[in-house]
Amino acid sequence: MIKVKKTIVLLPGDGIGPEVVAAAAAVLRDCATELGHEFSLEEHAVGGTAIDGNGNPLPEETLRACREADAVLLGAVGGPRWDALPLDGRPESGLLRLRKELNLYINLRPIRLREALRGLSPLAPGRRRNIDLEIVRELAGGIYFGEHRTERRNGHEKAFDVETYSTPEVERVARFAFGRSVARRKGLTSVDKANVLATSVLWRKTVEQVAGDFPDVALGHMYVDNAAMQLVLAPEQFDVLLTSNMFGDILSDAAAGLVGSIGLIPSMSCGDPSTGGAASGQEGTPLFEPIHGSAPQLAGKDCACPIGAMLSATMLLREAFGLGTEADWIEAALDRALVEGYRTADLAEAGSTVVGCSEFTERVREEMRRSVRQFEPYGWGV
Ligand code: IPM
Ligand code: MN
């Protein structure tokens, strides 16, 4: 097996961020020690914690470390403590700036119903036979990065949020989505609101043009309102969903609900990975993070679900470092812990053993150790 030497920046952030990042870091460390890789894990401040520390949600020193790293693993940012701040000074603005500075215009969110958790889907059994889709969300443009302004006129306030998209911005993320789809079931649904929005008319036209280079992919277009309903009624129809920044934010939380808990979903944000990756260092450092928020009400209680963060770590291994076997090993261990019935509170079912974040993590690590020993004598293969 190849051995790699990599630097990973950890950005625990706020709320439950530090607890779930600690869990993900533990499995990354195990991966290194068991299999002879060298991972140097460096922790830096982001979000509200960084505001408290030095008044900036994305300190220069953090940004520099991220630029120099091979990959970044982030927990979550935000919380009621900072909600009164102006938008451009909030914890969330640190994350948005980080995405922009690293040119992370692609965000990939895999949504899969795990076998052990089938019973947690709110869908009737007939409707959830095989939920396995990927959301490709544009991450560096759209309404998130347009002008946000509030003005006072004639005694009342008026607010603006501007959505813009250019052809190249749509094209580059669309290419990535087509590429994912080619490697999967060759379906692509592009989501827009082309019956109302100019940005969506451009979006649809551009996606149609890119489609010419991917004749094997069955492309469909869907208005976002219909897409929300179709996700709930018949999620099996979707292979890859391509969305703008804001539509992707909304649909990915809805899709997470379908597979049991938002605590389960990882994500990768990157620039152009087709040139060798995210791992090649040619584009911005790829960033991996669970899609859940900082869940302030759960923070400090050791009850958060670390699975989204752990799966972000396995996505990091697979997509950024090319360590697919290692990622499979960790995920298989995680699934065995679930099959044995160990669950954080959000995943509890009748008969399961509810454990905290750190105990669940220990169970996964134990399964990892057990399977390493079991497989080693037979040669590696999970
Ligand atoms: C997400 C989050 C972020 C977003 C927030 C924290 C800025 O909700 O990654 O989905 O809206 O992109
Ligand atoms: Mn979100």
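Each ligand, and each atom within it, is numbered from 1 in the order the structure gives. The first residue of the sequence shown is numbered 1, and numbering continues consecutively from there.
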Salt bridge or not for Glu366 and Arg370, using N-O below 4.0 Å? yes

Arg363/Glu359 salt bridge by N-O under 4.0 Å criterion: yes

For atom 4 (C) of ligand 1, the closest protein heavy atom turns out to be Tyr144 OH, 3.5 Å

Selected option - heavy-atom contact closest to atom 1 (C) of ligand 1, from His292, Arg90, Glu92, Arg109: Arg109

Ring pair (Phe, Tyr, Trp, His ring centres under 6.0 Å) pairs, two or more places apart, involving residues 184-228: Tyr165-Trp203, Phe178-Phe214

Which atoms of ligand 1 have any heavy atom of Arg137 under 4.0 Å away? 1 (C), 4 (C), 9 (O), 10 (O), 11 (O), 12 (O)

Are Arg67 and Glu101 ion-paired here, with the side-chain N under 4.0 Å from a carboxylate O? yes

Of Glu289, Met246, Arg99, which has the heavy atom at the shortest distance from atom 9 (O) of ligand 1? Arg99

Suppose the criterion is ring pair (Phe, Tyr, Trp, His ring centres under 6.0 Å): which pairs have a residue in residues 4-46, not counting sequence neighbours? His37-Phe39, Phe39-Phe321

Under a 4.0 Å N-O cut-off, is there an ion pair linking Arg365 with Glu362? yes

2.8 Å cut-off (strict), protein N, O or S atoms about the Mn ion (ligand 2): 1

Side-chain donor-acceptor pairs under 3.5 Å in residues 10-28, sequence neighbours left out?
unit_1	atom_1	unit_2	atom_2	d
Asp14	OD1	Gly48	N	3.2
Asp14	OD1	Thr49	N	2.8
Asp14	OD1	Thr49	OG1	2.4
Asp14	OD2	Gly48	N	2.8
Asp14	OD2	Gly78	N	2.8
Glu19	OE1	Asp302	N	3.4
Glu19	OE2	Gly300	N	2.5

of all protein heavy atoms, closest to atom 2 (C) of ligand 1 is Asp249 OD1, 4.1 Å

So Arg112 and Asp132, salt bridge (charged side-chain N to carboxylate O under 4.0 Å, His left out) or not? Walk me through it. CA-CA 4 Å; Arg112 187 160 69 81; Asp132 178 4; 5.2 Å; no

